[in-house]
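Bear in mind that the values here come from a model prediction, so they are computed numbers and not experimental data.
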Amino acid sequence: MKAFLAAVLSAATCFALAPTVVGQCFAPYQYVGNFVSAWDLIVADFNHDGFPDIAVAVANTESPKYEGNLDIILGNGDGTFQPVVHYKAAFGAQGLAAGDFNNDGNLDVIVVGNPPAGGDEGADVFLGNGDGTFRHGSRGAGQVQQLSTVVVGDFNGDGNLDAVLAPWFANHISALFGNGDGTMRGPFLISPGSYRPSALLAADLNGDGKLDIVTVNAQGVGKGVSIYLGNGDGTFSFNGAYATSSGGGFGAVAGDFNEDGKIDLAVAGLGADVFLGNGDGTFQRFTDYPAGFVPTDIKIGDFNGDHHLDLAMNQDFGLVSVLIGNGDGTFQTAIVSSNSPPDALHFAVGDFNLDGRPDLALADISLGVAVELNTGHCP
């Protein structure tokens with residue numbers, strides 16, 4: 001997978017170079033957990049201490065069996081972290097999400113990966129004990145291969161947490177419906193005609209109180225993002241596809257970038273492709289904001305403290321770009337920092353030292369998880 005992404009990024013680099021400015025929104029990275037094959041990560045408070053923690057999907061691609069891990073790194077609230085705790089997880093773990101699957105008030109984690117042919121180990125639910133430790137809850141997803149991404153929410157309106165997941169480059173997305181006790185049923189096919197999704201996003205795009213799904217489709221497909229409006233009963237209606245600057249993408253975020261009360265989208269294409277929302281689940285044509293090199297992930301946050309949403313992107317070349325939002329749906333020239341791990345594909349945002357400024361945690365597939373603290377000097 002890494003080799004494939006590298007080839008795509010290398011081919012696109014000649015088109016991605018663009019005007020940027022050099023800056024240091026974040027301090028040089030420090031590793032907080034050292035292990036091979038950290039693929040993706042999320043930030044949440046797993047032990048109820050008010051400090052953000054990190055959960056990591058570890059693919060273990062060096063293992064002959066591709067046995068994956070869920071790694072938990074608890075935060076101390078001052079930018080330092082406790083030792084990594086490992087849990088055996090879905091084979092070739094690549095994606096994860098947090099939520100309360102058994103309704104006990106503690107955060108749980110679902111991990112998805114790539115089981116061997118004929119296996120049923122594509123998704124693992126780990127139930128949180130409320131103190132930062134976990135126990136294995138359920139395993140499933142049927143015989144679904146090469147799961148790469150997952151999002152969670154109550155998609156069928158029964159009050160229990162569900163999951164929507166996507167196999168890497170397959171032409172469908174599926175759902176696991178939660179039973180409210182940490183177990184899941186399914187998978188149920190919910191979109192047989194999608195365009196090889198590489199990432200998912202769940203949000204209420206049309207303001208009807210029902211969660212919708214955005215698929216970010218594979219580079220070169222031509223249909224960059226697809227919109228599926230939720231019907232509230234676990235089914236979805238296709239609501240159109242939109243081209244991106246790269247014909248696909250590697251991630252997306254939702255937020256109100258022009259502060260009109262309607263959800264907008266930003267997609268990691270050749271740079272940041274910003275789609276302003278019409279409030280009904282449709283979007284205007286994107287505006288592309290160059291970010292240096294082709295980004296491999298994109299996240300949202302107020303990185304300079306001006307109360308407008310900004311965008312951060314990782315570029316897998318030891319670079320992180322920040323695009324400062326103007327609050328009207330436009331963004332300033334990308335600020336590029338060259339102080340990131342060279343083999344990071346995905347990252348997450350959290351205030352790890354509780355100074356009110358969002359920091360970054362990056363999953364480096366060669367060396368583990370690194371943290372970059374916000375310097376407070378992002379223009």
Side-chain angles (χ1 to χ4, degrees), residues 18-30 32 40-45 51-54 75 77-79 201 203 250-259 263-269 271-276 287-341 344-364 369-379:
T20 57
V21 296
V22 176
Q24 293 296 335
C25 293
F26 303 98
Y29 62 90
Q30 300 289 327
V32 299
D40 202 358
L41 73 176
I42 55 176
V43 173
D45 181 7
F51 306 149
D53 311 310
I54 302 172
D78 59 359
L201 173 66
F250 287 117
V253 290
D256 185 4
F257 302 123
N258 60 351
E259 300 172 7
I263 293 295
D264 310 310
L265 300 177
V267 179
D273 295 345
V274 175
F275 297 80
L276 296 181
T287 299
D288 179 38
Y289 293 90
F293 291 97
V294 178
T296 62
D297 201 357
I298 186 169
K299 292 294 185 290
I300 196 170
D302 179 10
F303 296 106
N304 68 339
D306 67 354
H307 307 294
H308 300 312
L309 291 177
D310 310 316
L311 298 171
M313 285 169 286
N314 177 66
Q315 286 143 352
D316 195 33
F317 293 100
L319 302 175
V320 165
S321 295
V322 174
L323 277 75
I324 298 300
N326 296 314
D328 59 359
T330 65
F331 291 82
Q332 299 174 29
T333 300
I335 304 164
V336 178
S337 299
S338 59
N339 57 359
S340 297
L345 289 176
H346 298 290
F347 71 105
V349 175
D351 183 6
F352 300 118
N353 58 355
L354 305 183
D355 64 354
R357 298 190 291 261
D359 311 308
L360 305 183
L362 302 100
D364 182 335
V369 171
V371 166
E372 298 179 7
L373 298 180
N374 193 313
T375 63
H377 301 297
C378 208

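- To the nearest 0.5 angstrom, Phe51 atom CZ is 6.0 Å from Leu354 atom CG.
- Ala254 and Ile263 get closest at one heavy-atom pair: CB-CG2, 3.9 Å.
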Worked check of side-chain contact (heavy atoms from CB on, under 4.5 Å) between Phe331 and Thr287 | CA-CA 10 Å; Phe331 291 82; Thr287 299; over 6 Å; no

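- No donor-acceptor distance shorter than 3.5 angstrom exists from the side chain of Asp273 to the backbone of Val267, with no hydrogens or angles considered.
- Expressed to the nearest 0.5 Å, how far OG1 of Thr375 lies from CZ of Phe26 amounts to 8.0 Å.
- Checking side-chain atoms of Asp310 against main-chain N and O of Phe303 turns up a donor-acceptor pair under 3.5 Å.
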Could you check Asp306 against Ile324 for side-chain contact (heavy atoms from CB on, under 4.5 Å), going step by step and ending with a plain yes or no?
-> CA-CA 9 Å; Asp306 67 354; Ile324 298 300; 4.2 Å; yes

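- In this structure, CG on Asp78 lies 11.5 Å from CG on Asp355, to the nearest 0.5 angstrom.
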side-chain contact (heavy atoms from CB on, under 4.5 Å) between Val369 and Leu362, worked out | CA-CA 6 Å; Val369 171; Leu362 302 100; over 6 Å; no

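- A distance of 10.5 Å separates CD in Gln24 from CD1 in Ile335, rounded to the nearest 0.5 Å.
- Between the Asp53 side chain and the Gly75 main chain, a donor and an acceptor come within less than 3.5 Å of each other.
- Of all heavy-atom pairs between Asn304 and Cys378, the closest is CB-O, 3.1 Å.
- Between the side chain of Gln315 and the main chain of Ala291, a donor-acceptor pair closer than 3.5 Å is present.
- Distance CG/Asn326 to CZ/Phe257: 12.5 Å, rounded to 0.5 Å.
- The closest donor-acceptor contact from the side chain of Asp40 to the backbone of His346 lies at 3.5 Å or more, if one exists at all.
- Closest non-hydrogen pair, Asp264 versus Asn258, comes out as OD2-OD1, 3.2 Å.
- Across every non-hydrogen atom of Pro341 and Glu372, the tightest pair is CD-OE2, 3.7 Å.
- Distance CE/Met313 to CG/Leu323: 4.5 Å, rounded to 0.5 Å.
- A donor-acceptor contact shorter than 3.5 Å is absent between the side chain of Asn374 and the backbone of Asp359.
- Nearest heavy-atom pair across Pro358 and Val349 is CB-CG1, 3.6 Å.
- The two residues Tyr289 and Gly329 have their closest heavy-atom pair at OH-O, 3.7 Å.
- No donor-acceptor pair under 3.5 Å is formed between the side chain of Ser340 and the backbone N or O of Asn314.
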Phe250 vs Leu345, side-chain contact (heavy atoms from CB on, under 4.5 Å): CA-CA, chis, key distance, verdict = CA-CA 10 Å; Phe250 287 117; Leu345 289 176; over 6 Å; no

